[in-house]
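This report concerns only the one structure given below.
Just so we're on the same page: letters track the sequence lines, and every chain starts at 1. Just so you know, these numbers use all the heavy atoms, side chains as well, and skip hydrogens, waters and symmetry mates. A quick note: this is a predicted structure, and the numbers were derived from the prediction, not measured.
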Amino acid sequence: MAKQYWLVKAEPEDFSIADFEKSKNQTTYWSGVRNYQARNFIRDEMKVGDGVLFYQSNTEPTAVVGICKIVRSAYPDFTQFNREDKHYFPSATEENPIWFMFDVQLESKLKLPVTLAKIKTNSKLKNMRLVQRGNRLSVMPITKAEWDEIIKISEK
DNA sequence: GCCAACGTTGGC
DNA sequence: GCCAACGTTGGC
């Protein structure tokens, strides 16, 4: 399958671009997704080598700040089995996991953050799920055209 | 299977 | 911190 493109969100309080840069091999596992639609994207469509934009929400400014790639595709999210974990999910079992995670590596920090404000005013980006009403997906697909446009904006 | 109540997300 | 939008839960 051709390379696909994604956008993932995190609150810097939980995981920031600085945390990402400090991670071993600039790689992290992406756990804690508890939305079925996002889960399906992860489980069924994400492939090693896919491109990922890293977006920071609930901060100032909210913006795409990094370019990453998938280095390991879906495997069971271990936090669902851990009673002590915030993301514990009692109905999931090792035999029948419900939630999945993946590993993602930071390739580069954008020269300039691409803010939500900029995305909203760019006609090429108006169809992104990110700017659609009430969107709450933390993992969403984007098109190659959107990927290219965001990278272009980040360079000037 | 409806739908009210509740919890969460996330921009502002 | 507020609150609108949305997903999930659970009583009936």
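The pair A:Asp148-A:Lys144 meets the salt-bridge criterion, since a charged nitrogen lies less than 4.0 angstrom from a carboxylate oxygen. Salt-bridge formation is not detected for the pair A:Glu155/A:Lys111: no Lys NZ or Arg NE/NH1/NH2 atom is positioned less than 4.0 Å from an Asp or Glu carboxylate oxygen. A salt bridge does not link A:Asp77 to A:Arg39: none of the charged side-chain nitrogens sits closer than 4.0 Å to a carboxylate oxygen.
Here B:dG10 presents its C1' atom at 13 Å from CD of A:Glu13, a figure rounded to the nearest Å. We find that CD of A:Gln37 is positioned 19 Å from P of C:dA5, with the value rounded to whole Å. Between the CD atom of A:Glu60 and the P atom of B:dC12 there is a distance of 9 Å, rounded to whole Å. The distance from atom CG of A:Leu130 to atom P of C:dC6 is 14 Å, rounded to the nearest whole Å. If you take CG of A:Asn58 and C1' of B:dC12, they are 10 Å apart, rounded to a whole angstrom.
The base of B:dT8 is paired with the side chain of A:Arg136 by a donor and an acceptor separated by under 3.5 Å.
Between A:Lys120 and B:dC12 there is a side-chain N or O to OP1 or OP2 distance below 4.0 Å. Taking side-chain N and O atoms only, A:Lys9 has no distance below 4.0 Å to OP1 or OP2 of B:dT9.
Nucleic acid contact class of A:Arg133 (heavy atoms, under 4.0 Å, all strands): sugar-phosphate only.
Ring pair A:Phe15/A:Trp30 is perpendicular by interplanar angle, where above 60° counts as perpendicular and below 30° as parallel.
Annotation: of the two residues near DNA chain B, A:Ala117 and A:Lys86, the 5′-most nearest-nucleotide partner is A:Lys86.
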